[in-house]
Amino acid sequence: MSSLDFRKQAAQQDRRRSARFIVEVPAFIQTVVGKRPCHISNISDQGAMIETDNAPPAGIAACLTMGETEIFCTVKWSDKGKCGVEFENPLLDTTLAAIATEQVQPQGPVADVGRIQMGRKRGRLVSGD
């Protein structure tokens, strides 16, 4: 087998079953050891990668909580503050879309564009000088 054929075969084996979305969503992961805060780094309908202090070991059952959403999962791998989880049931497209777009939701009131004065910058008029 040539080097090119080997790389093609390795790339095909590395393909994921589902597309992943890169996100930064705060969450909690709960195991038999306890509940700890985490951040979801990427997510698909089949699983997610989370970052947390003292990641749970591989093979342990867990519940990933984001607001009102609870997802039962199993930790598949764990390494230095990161772990990968596989969901017990695939996420619905609507649930995945809501989670994937959560990090772009406005945190405060949105500016009323109609009230912004043209020619103003940081409380003073912009001059052409």
Side-chain angles (χ1 to χ4, degrees):
M1 178 182 288
S2 73
S3 175
L4 180 60
D5 291 337
F6 180 75
R7 284 185 283 174
K8 284 181 183 177
Q9 184 179 7
Q12 288 174 348
Q13 289 175 350
D14 190 43
R15 282 201 180 135
R16 299 182 190 267
R17 290 180 283 180
S18 305
R20 289 195 172 258
F21 298 93
I22 296 172
V23 296
E24 185 62 34
V25 178
F28 288 93
I29 186 163
Q30 185 167 356
T31 63
V32 293
V33 178
K35 188 175 185 178
R36 61 190 81 164
C38 64
H39 279 85
I40 300 172
S41 299
N42 66 48
I43 191 166
S44 74
D45 64 338
Q46 300 288 320
M49 183 176 78
I50 63 170
E51 297 180 22
T52 183
D53 297 334
N54 194 16
I60 196 166
C63 180
L64 195 58
T65 307
M66 297 155 285
E68 299 294 318
T69 305
E70 290 183 337
I71 304 169
F72 293 98
C73 55
T74 303
V75 178
K76 289 299 185 179
W77 60 267
S78 181
D79 184 39
K80 299 179 185 174
K82 294 181 182 180
C83 67
V85 297
E86 181 179 31
F87 302 142
E88 190 174 283
N89 297 310
L91 296 181
L92 299 173
D93 289 342
T94 54
T95 304
L96 182 59
I99 294 168
T101 58
E102 186 173 322
Q103 79 277 7
V104 297
Q105 295 296 321
Q107 296 298 318
V110 178
D112 182 4
V113 178
R115 296 185 53 137
I116 298 173
Q117 295 179 6
M118 297 301 291
R120 293 282 234 185
K121 183 176 180 182
R122 294 191 185 122
R124 68 179 200 278
L125 288 175
V126 177
S127 65
D129 299 339

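Residues take their numbers from the sequence shown, with the count starting at 1. Computed from a predicted structure; not experimentally measured.
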Asks: Between F72 and L92, is there a shared hydrophobic cluster once you connect ILVMFWY residues whose side-chain heavy atoms come closer than 4.5 Å?
Replies: no
Asks: Hey, what do you get for CD1 (I29) to OG1 (T52), rounding to the nearest 0.5 Å?
Replies: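 Those atoms lie 7.5 Å apart.
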Asks: Under 4.5 Å between side-chain heavy atoms, counting indirect links through other Ile/Leu/Val/Met/Phe/Trp/Tyr residues: same cluster for V85 and I71 or not?
Replies: yes
Asks: Show me the side-chain donor-acceptor pairs of residues 53-66 shorter than 3.5 Å, one per line, residues at least two apart or across chains.
Replies:
none

Asks: Please give me the minimum heavy-atom distance between I40 and A48, naming the atom from each residue.
Replies: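 For I40 versus A48, the nearest heavy atoms are CG2-CB, 4.1 Å.
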Asks: To the nearest 0.5 angstrom, please state how far the SG atom of C73 sits from the CD atom of Q30.
Replies: 11.0 Å
Asks: Could you go step by step and tell me if V23 and H39 meet the side chain to side chain contact (heavy atoms under 4.5 Å, CB included) rule?
Replies: CA-CA 9 Å; V23 296; H39 279 85; over 6 Å; no
Asks: Show the numbers, then the answer: is there a side-chain hydrogen bond (donor to acceptor under 3.5 Å, both in side chains) between E86 and T74?
Replies: CA-CA 5 Å; E86 181 179 31; T74 303; over 6 Å; no
Asks: Among E24, E51, K82, find the residue that satisfies the side chain to side chain donor-acceptor pair (under 3.5 Å) test when tested with S41.
Replies: E51
Asks: Please find the pair of heavy atoms, one from D45 and one from F87, that lie closest to each other, and give the distance.
Replies: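 Shortest heavy-atom separation between D45 and F87 comes out as O-CD1, 3.5 Å.
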Asks: For the CD1 atom of I50 and the SG atom of C83, what is their distance to the nearest 0.5 Å?
Replies: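 The CD1 atom of I50 sits 3.5 Å away from the SG atom of C83.
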Asks: Can you tell me how far apart CZ (R20) and CG (N42) are? Round to the nearest 0.5 Å.
Replies: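 Interatomic distance, R20 CZ to N42 CG, rounded to 0.5 Å: 4.5 Å.
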Asks: Would you say E70 and F28 make side-chain contact, with heavy atoms under 4.5 Å?
Replies: no
